[in-house]
Colleague: 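Dropping the structure in here first, questions after.
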Amino acid sequence: MANEVVLLGYWPSQYGMRARIAVEEKGIPYEYKEEDAWNYDRSPLLLEMNPVHKKTPVLIHNGKPICESLIVIEYIDEVWNHKSPLLPSDPYDRAQARFWADFVHRKVYGAAKRIWTTKGEEREGGKKEFIECMKLLEQQLGEKPYFGGDNLGFVDVAFVPFYSWFQVYEKFGKFNMEAECPNIIAWAKRCLKKESVAKTLPDQHKVYDLAIWIRKKLGVE
Amino acid sequence: MASNQQVKLLGVKGSPFVARAEIALKLKGVQYEFIHESLSNKSDLLLKNNPVHKKVPVLLHNDKPVCESLVIVEYIDEAWTGSTILPSDPYHRAQARFWSKFVDDKVFPAVFKAATNPNEKEREQGGEELRESLKILENELKGKFFNGDSIGLVDIAALFIAFWLPIIQEAVGLDLYNSEKYPKLDKWGQEIMNHHVVKEVLPDRDPLLAFFKGRFRSNTPSK
């Protein structure tokens, strides 16, 4: 049976990067279509495939859409289960992986956003919370090479896209990631040696330039 | 399998999130001990087992903690055999996860915004957001339950709408959700609240109403 896979994404979006890393890890042939999130005229395909949220990423598998990045990763892992497992097989370990992916998704994203889209006290609050999250994640990683153990797992895929935004957080938050959480930087560089990650993550400078443009557009100065 | 397993659920009886975990345990026929927590005076057991969020529910399975209500429900589904809570097909599983997340990301925040935000414009916007979300769910509901003929993940997640939302509305004087505007959801609500397992878990209505009146009253808008 033909397996047609299309991925709708937006290049600087951490969410889209997650989905892309997952398909790449599994070696799935796919077509990538770029959707510009700042073009309010969403493409007809995106509107048809994600009418509820009108957002990327959307994985379209044989014409059927799957939305929400973490849900996409789990779907990919369940369907293409013959190689590169992203979730552990033990139910307890799976629950831990889901817990930490959710933590990255809600806590880390929220705190990080405040660093570069707000100012003053709110920004400082975001920065403090972000660094706390990083330290918790460092603890969780421990001595393992990846959150998934010996190989990339669910939490690695959920979290590593943030690496492309670290320069944004550092510059606007006025702190240094290497100084605050060296093990996270070491882990991220380890992930970047994987082709799926290297191919997907955009250059930090490119993301920083975009962040400046977005801030101007949002009137944050 | 059951005899050497120790299952505890840390929770409070009025919480819709704790109810999710309880329903899942009962659907699987798991024996468990419910440990009542005080949210204003959190126990060492809670703080030790959920140091990140310090919230209920926390499931302790042979002393190993699982946190976050939907993570707990999926864990229960995978760790014990018996009636399945998530579908077996990956595409339908993805849909079930999508709609449960929709309830958490869209419905809950809208309800609390509409009911409790001190700013009137914000409350109105919350109301609008809630109406939109409910309309989407109304359209999504095709059978007796979101899961078909038996209750599943989405039904368990959305129980908040059937039981808690009407109580909150009564407490603060809102009428955004009713049988006229959302007949399918209303019918689903009656069905799910009558489900033999759900009935066992739902808390008493009156104390919950009094609780919400006490907590939210100071922010109430008039209709």
Side-chain angles (χ1 to χ4, degrees), chain A residues 3 15 19 22 49-55 57-81 87-110 129 132-133 135-137 139-140 154-155, chain B residues 5 7 21 24 28 49-53 55 57-81 85-109 132-133 135-137 139-140 153-154:
Chain A
N3 240 332
Y15 305 128
M49 291 293 156
N50 192 358
V52 173
H53 300 302
K54 306 176 181 55
K55 286 182 178 176
V58 181
L59 186 83
I60 310 171
H61 184 201
N62 294 331
K64 298 202 302 191
I66 298 98
C67 309
E68 295 296 308
S69 60
L70 297 182
I71 296 174
V72 170
I73 302 173
E74 288 218 52
Y75 175 80
I76 288 168
D77 202 41
E78 288 173 12
V79 173
W80 287 274
N81 54 13
L87 274 104
S89 47
D90 173 74
Y92 185 76
D93 296 335
R94 290 161 73 80
Q96 298 315 301
R98 288 177 179 136
F99 175 88
W100 286 105
D102 172 73
F103 175 82
V104 167
H105 191 70
R106 285 187 299 128
K107 290 283 184 180
V108 174
Y109 186 81
E129 204 184 312
E132 273 167 22
C133 287
K135 294 203 193 290
L136 268 172
L137 285 163
Q139 243 177 43
Q140 192 50 34
F154 193 41
V155 181
Chain B
Q5 302 234 3
V7 182
K28 293 287 196 178
N49 285 295
N50 192 358
V52 174
H53 300 303
K55 285 182 176 175
V58 177
L59 184 78
L60 289 172
H61 187 190
N62 294 331
D63 295 325
K64 297 203 308 188
V66 182
C67 308
E68 288 301 300
S69 64
L70 295 180
V71 176
I72 292 172
V73 173
E74 286 218 39
Y75 173 74
I76 290 168
D77 200 35
E78 291 175 3
W80 283 278
T81 53
I85 299 172
L86 271 92
S88 48
D89 169 70
Y91 183 73
H92 293 121
R93 289 162 73 79
Q95 298 314 299
R97 288 174 179 139
F98 177 89
W99 289 109
S100 338
K101 188 171 196 295
F102 180 84
V103 171
D104 277 1
D105 291 350
K106 296 286 176 187
V107 176
F108 274 91
E132 257 178 61
S133 306
K135 184 169 164 214
I136 290 172
L137 286 170
N139 286 339
E140 185 54 29
L153 183 71
V154 183

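Keep in mind it's a predicted model, so treat the numbers as computed, not measured. Hydrogens, waters and symmetry mates are skipped; everything else that's a heavy atom, side chains included, is used. First the proteins, then the strands, lettered A, B, ... as listed; each starts at 1.
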Colleague: Heavy-atom distances under 4.5 Å only: say whether A/Pro51 touches chain B with side chain, backbone, both or neither.
Modeller: neither
Colleague: Return the orientation label for the B/His53 and A/Phe103 ring planes: parallel under 30°, perpendicular over 60°, tilted otherwise.
Modeller: tilted
Colleague: May I ask you to decide if A/Asp93's main-chain N or O and B/Tyr75's side chain share a donor-acceptor pair within less than 3.5 Å?
Modeller: no
Colleague: Taking all atoms of both residues into account, what is the closest heavy-atom pair of B/Phe98 and A/Cys67, and its distance?
Modeller: CE1-CB, 3.8 Å
Colleague: Between A/Arg98 and chain B, with a heavy-atom cut-off of 4.5 Å, which part of the residue counts as in contact: side chain, backbone, both or neither?
Modeller: both
Colleague: Does A/Lys135 have more than 12 heavy atoms from other residues, nucleotides or ligands lying within 6.0 Å of its NZ?
Modeller: yes
Colleague: What pairs with B/Lys64 under salt bridge (Lys or Arg N to Asp or Glu O under 4.0 Å), at least two apart in sequence or on another chain?
Modeller: none
Colleague: Most heavy-atom pairs under 4.5 angstrom with chain A, which of B/Cys67, B/Pro90, B/Pro51, B/Ser133?
Modeller: B/Pro90
Colleague: Verify, without hydrogens or angle tests, whether A/Glu78 (side chain) and B/Asp89 (backbone) share a donor-acceptor contact under 3.5 angstrom.
Modeller: no
Colleague: For B/Lys101, check side chain to side chain contact (heavy atoms under 4.5 Å, CB included) against everything at least two apart and list the hits.
Modeller: A/Glu68, A/Ile71, A/His105, B/Asp105
Colleague: What are the two closest heavy atoms between A/Tyr75 and B/Ala94, and how far apart are they?
Modeller: CD1-CB, 4.2 Å
Colleague: With a 4.5 Å heavy-atom cut-off, do A/Phe99 and B/Val66 have their side chains touching?
Modeller: no
Colleague: Let's test your reading of the structure: which of B/Leu70, B/Ile136, B/Val52 forms the most heavy-atom pairs below 4.5 Å with chain A?
Modeller: B/Val52
Colleague: Salt bridge or not for B/Glu68 and A/Lys107, using N-O below 4.0 Å?
Modeller: no
Colleague: Chain B: which of A/Leu136, A/Val52, A/Asp90 shares the most heavy-atom pairs with it under 4.5 Å?
Modeller: A/Val52
Colleague: Could you look at A/Glu132 and say if it's the side chain, the backbone, both or neither that has a heavy atom under 4.5 Å from chain B?
Modeller: neither
Colleague: Using heavy-atom distances under 4.5 Å, tell me whether B/Arg97 contacts chain A through its side chain, its backbone, both, or neither.
Modeller: both
Colleague: What is the minimum heavy-atom distance between A/Ala95 and B/Val71, and which atoms define it?
Modeller: O-CG1, 3.4 Å
Colleague: How many angstroms lie between CD in B/Gln95 and NZ in A/Lys64, if you round to the nearest 0.5 Å?
Modeller: 8.5 Å
